[in-house]
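One structure is given here, and the rest of the page talks about it.
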Amino acid sequence: MSFKVSATYQGARAASLATNHGILQTPFFMPIATRGAVKHLANSDFATIQNQILLANTYHLYLRPGLEVLKKCGGLHGLMNWQKPILTDSGGFQVFSLAALRKITPDYVIFNSHIDGRELKFTPELSMEIQAAIGSDIQMCFDYFSGYPATRKETEYSVKLTTAWAKRCKYYLSLSSGHPSPNRGGKEGEVFGIVQGGTFPDLRKQSAQELVNIGFNGYAIGGLAVGETPQEMYTMIEAAVPELPADKPRYLMGVGQPEQILEAVKLGVDMFDCVLPTRNARHGQVYIHPSPLRRGEGGEVVAPDLSMVNYQKINLTGSVYATDLQPLDSYCQCSTCTSGYSRAYLRHLFSVNEALAQRLATVHNVYFYVQLMRDIRAIIMKSSHL
RNA sequence: GGGCAGGUGGCGGAGCGGUCAAUCGCACUUGGCUGUAAACCAAGCAGCCUCUGGCUUUCGGGGGUUCGAAUCCCUCCCUGCCCA
């Protein structure tokens with residue numbers, strides 16, 4: 001994999017990242033397709049949104065459809081007929097989010113399946129095996145995040161386990177390098193380590209250093225946006241980034257609101273994912289541009305100096321939209337907005353619980369996020385002094 | 001005309017002498033969702049106020065019993081089913 005920085009501005013960088021399924025332009029946002037689908041979206045939607053990549057989940061795809069189906073169907077690319085890159089989360093987040101359903105040991109994690117309760121023994125090696133079967137272009141190490149708030153002792157353990165498991169992931173891949181997954185066209189996938197360290201800057205640094213010593217194709221910062229303040233989050237990013245090699249991509253996992261993404265980009269982060277645009281869309285909350293704004297007619301979503309994102313969140317289920325016939329977002333070029341669907345109609349669809357409501361809103365929100373990243377990248381490219 | 005069963009907050013439906021401004025569900029209103037067990041969760045939902053409390057008016061209408069009534073009695077109105 002090659003990662004090449006082509007422009008920098010205000011601490012932000014624009015780069016290209018080559019994968020088995022094409023070259024990614026950073027910074028980018030990954031819509032989340034946990035179970036092999038971005039909820040409510042079809043491939044035809046991706047064609048208009050033009051997202052470069054999807055994120056899928058190891059734990060969820062292991063439960064269904066399972067390893068055998070993935071192997072026989074050409075991995076997730078084959079199953080979905082999605083030919084662009086896929087990044088897979090390792091299942092590490094489920095150790096946190098499904099905490100009530102698992103037991104953790106230094107060597108493995110036992111999950112009780114949230115589907116049928118059966119026991120699943122998850123190891124770093126199994127996570128890598130599943131990600132290979134998925135045909136993941138960018139694999140994540142199986143990590144351990146202790147939750148928030150966490151004591152220093154708990155966080156130290158989280159870092160310790162994450163480093164130990166990262167070594168096992170790397171070792172497993174070195175063993176299997178002679179037998180690359182056919183679902184990746186016979187090529188190796190890339191592997192990212194995940195920095196933990198909770199809200200302790202020194203542990204963040206330590207975690208980053210330990211992972212860099214092992215050596216990965218890129219580095220993620222995990223365990224953030226889970227209850228700490230945005231300022232604490234930025235502080236943790238600032239602690240970790242200097243320890244990470246400048247010639248490798250950086251990925252802030254699970255973040256976040258548009259302004260948080262912008263801030264992180266300026267702190268040197270290249271990759272993002274978050275459930276907010278999709279989940280909020282399903283719940284009737286959409287990201288829009290203030291109404292005077294028109295693309296190409298002055299006024300920008302992202303300030304030319306990257307100082308702010310000009311947007312607002314509105315709740316379409318609100319009674320104020322009952323007869324609001326204006327387009328959802330006259331600035332937006334997504335298929336929902338260019339089709340002229342009004343806020344009143346969307347509000348109606350939500351109130352009668354029509355699936356179309358969630359589909360239209362999801363298209364819009366995902367487009368908003370993907371376009372936000374395109375705008376940020378354009379500013380970096382334009383203003384770069386590199 | 002006779003018999004039986006009922007009339008409770010926007011709707012459905014509990015309660016059947018005090019702990020009832022009235023369980024619960026739906027609808028409605030407003031919030032929140034950050035590597036997705038999430039088309040979910042939370043709060044509010046008679047009115048007013050000096051709002052971790054107080055006051056006023058509510059359970060078809062009217063009257064009564066009682067210290068106290070959505071709950072018991074009388075009467076009227078209305079609804080459903082059965083009989084004529």
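This one's a predicted model, so the numbers in the text were calculated from it and none came from an experiment. Excluded from the calculations below are hydrogen atoms, water molecules and symmetry mates; all remaining heavy atoms, backbone and side chain alike, are included.
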Can you tell me, in whole Å, how much space there is between the P of B:G47 and that of B:U30? 16 Å
Provide the distance between the two P atoms, one in B:U57 and one in B:C48, to the nearest whole Å. 16 Å
Give the rounded distance in Å between these two atoms: CE of A:Met271 and C1' of B:U34. 17 Å
Summarise protein proximity over nucleotides 35-45 of chain B in one line of letters, 5' to 3': B for base, S for sugar-phosphate only, - for none, counting protein heavy atoms closer than 4.0 Å. BBBBBB-----
Which heavy atom in A:Met271 sits nearest to a heavy atom in A:Ile138, and how many Å separate them? CE-CD1, 4.1 Å
Polar atoms only, N or O, under 3.5 Å: list the protein pairs with nucleotides 27-31 of chain B and their distances.
residue: B:U29; atom: OP1; partner: A:Arg347; partner atom: NH1; Å: 3.2
residue: B:U29; atom: OP1; partner: A:Arg347; partner atom: NH2; Å: 3.0
residue: B:U30; atom: OP1; partner: A:Ser319; partner atom: N; Å: 3.2
residue: B:U30; atom: OP1; partner: A:Ser319; partner atom: OG; Å: 2.9
residue: B:U30; atom: OP2; partner: A:Ser319; partner atom: N; Å: 3.3

Partners meeting side-chain contact (heavy atoms from CB on, under 4.5 Å) with A:Ser44 (sequence neighbours left out): A:Ala42
Measuring only the P atom in each nucleotide, how far is B:U58 from B:U50? A whole number of Å is fine. 24 Å
Whenever both distances are under 3.5 Å in a Watson-Crick or G-U wobble pair, mark it; put RNA chain B into dot-bracket that way, with [ ] for crossing pairs and | when the partner is on another strand. ((((((((.[[[..)..(.....]]].(((((.......))))).((((...))))...[[[[[..)....]]]]]))))))).
Compare every heavy atom of A:Glu259 with every heavy atom of A:Tyr234, then report the nearest pair and how far apart it is. OH-O, 4.1 Å
Exactly one candidate in A:Lys313, A:Gln312, A:Gln257 meets side chain to side chain donor-acceptor pair (under 3.5 Å) with A:Tyr287; the answer is A:Gln257
When the C1' atoms of B:G6 and B:G13 are compared, how many Å lie between them, rounded to an integer? 14 Å
Please list residues of residues 258-265 of chain A whose heavy atoms come under 4.0 Å from any atom in RNA chain B, ordered by number; otherwise none. A:Gln260
Around atom CZ of A:Arg102, are there more than 12 heavy atoms from other residues, nucleotides or ligands closer than 6.0 Å? yes
One thing to verify: whether A:Lys71 and A:Glu129 come together as a salt bridge, which I'm taking to mean a side-chain N less than 4.0 angstrom from a carboxylate O. yes
Using the C1' atom on both, measure B:C82 against B:C76 and round to a whole Å. 24 Å
Looking only at heavy atoms, which two atoms of A:Pro27 and A:Val265 are closest? And how far apart? CB-CG2, 4.1 Å
Set of ring-ring contact (aromatic ring centres under 6.0 Å, His included) partners for A:Phe272, sequence neighbours left out: none
I'd like to know if A:Arg152 pairs up with A:Asp202 as an ion pair, taking the criterion as any Lys NZ or Arg NE/NH1/NH2 lying under 4.0 Å from an Asp or Glu carboxylate oxygen. yes
Using the test salt bridge (charged side-chain N to carboxylate O under 4.0 Å, His left out), find all partners of A:Arg13 that sit at least two apart in sequence or belong to another chain. A:Asp270
From CD of A:Glu228 over to P of B:U34, roughly how many Å is that when rounded to an integer? 11 Å
Taking only residues two or more places apart in sequence, or in another chain, which ones meet A:His114 in a ring-ring contact (aromatic ring centres under 6.0 Å, His included)? A:Tyr59, A:His60
Is A:Gln52 close to A:Met373 at the side-chain level, that is, under 4.5 Å between some pair of heavy atoms? no
Rounded to whole angstrom, note down the C1' distance from B:A70 over to B:U8. 7 Å
With A:Arg279, which residues qualify under salt bridge (charged side-chain N to carboxylate O under 4.0 Å, His left out), at least two apart? none
Under the side-chain contact (heavy atoms from CB on, under 4.5 Å) test against A:Ile221, which residue among A:Ile194, A:Leu252, A:Leu267 passes? A:Leu252
Using the P atom on both, measure B:G63 against B:C49 and round to a whole Å. 30 Å
Could you identify which residues of residues 206-215 of chain A place a heavy atom less than 4.0 Å from some atom of RNA chain B, listed by residue number, or say none? none
Under the 4.5 Å side-chain heavy-atom rule for ILVMFWY, direct or indirect, which residues accompany A:Ile110? A:Tyr108
Residue set satisfying side-chain contact (heavy atoms from CB on, under 4.5 Å) with A:Tyr321, at least two apart, ordered chain then number -> A:Ile314, A:Asp324, A:Arg343, A:Arg347
If I pick the C1' atom on B:G9 and the same atom on B:A84, what distance separates them, to the nearest angstrom? 40 Å
